[in-house]
Amino acid sequence: MAINASKYIFSIVTKIFVFVFIGVNVRRKNLIPNNGPAIVVANHNSHLDTIVLMSLFSLSKIHLVRPVASAEYFLKNRFLSWLTTRVIEIIPLEHGKASKDFNPLSAAVDALQQNKILIFFPEGTRGEPEKIVRLQKGIVHLASYCPKVPITPVFIHGLGKTLPKGERVFVPFFCDIFVGDPMFFEEDKHAFLNNLTETFKNLATEGHFHDWE
Amino acid sequence: MHPTIENSLIAIWIIFFLSYALIFFLHKFAKIKNYDDIFVRTKSWFFLILIFSAIIFAKKSLAIYILAFISFLAFKEFISLVPNRKSDRRIPLWAYLSIPIQYYWASITWYGMFIVFIPVYMFALIAFRMVITQQTEGFLRAIGILHWGLMTTVFSLSHLAYLLMLPDRVSSPTGGTGFLLYLVFLTQFNDIAQYITGKTFGKRPILPRISPKKTWEGFLGGCIATTAAALLIAPFLTPFDWQKALLSGSLIALAGFAGDVTLSAIKRDIGVKDMSSMIPGHGGVMDRMDSLTFTAPQFFYFVCYFYGY
């Protein structure tokens with residue numbers, strides 16, 4: 001398999017950037033999956049979420065990591081689409097186009113079958129800073145196609161301060177990351193989604209953060 | 001590089017490797033409690049001493065970049081942990097901006113600007129910037145927190161840089177570098193001496209609601225050991241006679257203790273144990289620099305009082 005050199009370079013640069021200008025305090029880094037297939041699910045407050053999550057993986061594993069991101073948003077201009085598809089190697093996701101003939105998650109499922117590690121934001125889009133919005137059903141569908149793949153929940157706190165949605169000015173703040181135990185798909189889809197929501201709530205309360213008002 | 005400075009660094013490395021070996025062998029023959037914890041801490045000391053050696057060995061201009069970067073990390077830790085208002089999100093940028101400027105004053109040894117820039121100009125600028133957002137609720141609290149952060153992590157720590165830049169006419173053979181070595185070594189030595197005497201003889205808690213593990217025995221043991229160490233090394237690194245060595249040694253011991261417990265009180269208020277996890281076993285940058293935030297300005301003005309700037 002060809003090695004994507006630009007992804008390595010990008011990862012080195014972003015690792016340095018994250019170390020200097022953000023700084024990450026990770027609880028239980030050992031639970032971050034080392035090999036695929038695996039899904040990392042995280043809350044989504046900032047564009048920085050993806051590069052911070054990618055920085056948690058060692059360079060030797062970075063070729064396995066594929067963030068799942070909105071096609072609508074990231075493929076809108078040529079530079080962004082080159083950066084996201086060729087360098088970061090996102091899996092573009094087409095929202096709201098599911099039909100009998102088209103499964104928006106098929107590319108993600110293929111990647112899992114090739115032992116990749118997916119980064120998935122089950123909230124769908126970036127929410128209000130430092131708040132978790134309702135999880136969408138996408139993660140349930142994805143998990144139902146690959147019930148044996150471990151799903152590692154990751155709660156990120158702080159990036160909604162560093163660069164929240166709709167803001168252009170970056171302000172350096174540390175971010176806190178809480179990694180949970182891997183979970184697996186459950187036949188009862190409702191219970192599974194509730195379980196995942198509950199897990200995120202528990203990870204979020206672990207840090208005893210002040211409300212940001 | 002003055003040969004005394006070189007020898008002092010070599011001595012620090014020898015002390016480090018001897019303690020490393022001591023801990024290793026103590027554990028081999030008699031299991032130590034919390035061995036893993038102590039081992040991780042000692043390993044981190046290796047990198048800390050390495051960075052410190054770089055500051056001492058490097059050209060002064062490069063050393064100032066490193067010190068400014070340490071200030072930046074310390075301020076970032078502080079501002080990330082303290083409660084702040086959503087409307088103030090961008091205000092820390094101004095505080096961040098003051099870091100290179102403050103270290104620049106140190107690098108060109110503009111003493112007058114160096115001592116007023118943060119307590120006078122940034123004091124007013126940040127307050128005014130915060131007024132512009134017109135959020136009065138929690139204003140005093142927010143502005144107080146930001147000023148405190150700037151004073152400890154930037155103003156106080158930048159005295160390390162100015163100390164380094166002190167001209168050699170301050171009649172010390174080793175110049176500012178000697179003073180910096182003296183201050184940093186004694187401050188860290190005081191922390192360790194307090195820890196060890198406290199662990200060994202500690203009975204009476206000194207400030208139980210702030211640091212339950214700190215004792216009178218540890219505090220006094222640290223003071224005695226640090227003052228003794230000051231008397232021992234002052235002839236090599238400073239122009240101090242024995243009276244000034246005694247005075248500066250006890251000043252560093254007292255201020256070091258005060259700085260340490262002050263950061264502990266802040267951490268208790270915020271509700272965290274460590275400022276971050278950047279230094280394994282120690283916590284954050286500020287957890288290691290806490291004593292220095294008090295000793296650096298105290299010692300700097302001690303030197304200035306006797307020798308001018």
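So you know, we letter chains A, B, ... as the sequences are listed, proteins then strands, and number each from 1.
Between A:Val20 and B:Phe72, the shortest heavy-atom distance links the atoms O-CE2, 3.2 Å. Shortest non-hydrogen contact noted between B:Pro92 and A:Val171 is CB-CG1, 4.1 Å. Contact detail for A:Pro172 and B:Lys76: the closest heavy-atom pair is CB-CD, 3.8 Å.
At a 4.5 Å heavy-atom cutoff, the contact between B:Phe69 and chain A is made by side-chain atoms alone.
Residues passing the salt bridge (charged side-chain N to carboxylate O under 4.0 Å, His left out) test with A:Lys15: none are found, sequence neighbours excluded. For the salt bridge (charged side-chain N to carboxylate O under 4.0 Å, His left out) test, residues two or more places apart in sequence or in another chain that qualify with B:Asp287 are B:Lys267.
B:Arg89 places no side-chain N or O within donor-acceptor distance of the main-chain N or O of A:Pro164, the cut-off being under 3.5 Å. Although no hydrogens or angles enter the test, the distance criterion places no donor-acceptor pair under 3.5 Å between the side chain of A:Asn25 and the main chain of B:Ser276.
Between B:Ser80 and A:Lys161 there is no side-chain heavy-atom pair separated by less than 4.5 Å. The closest side-chain heavy-atom distance from A:Phe21 to B:Tyr96 is not below 4.5 Å. A 4.5 Å side-chain heavy-atom check between A:Phe174 and B:Leu73 finds every atom pair outside the cut-off.
If you tally non-hydrogen atom pairs under 4.5 Å between each of B:Ile91, B:Asp88, B:Leu93 and chain A, the highest count goes to B:Leu93. Your options are B:Met278, B:Arg90, B:Glu137, and the one with the most heavy-atom pairs under 4.5 Å with chain A is B:Arg90.
For A:Phe170, the CZ atom is densely surrounded, since the number of other residues' heavy atoms within 6.0 Å is greater than 12.
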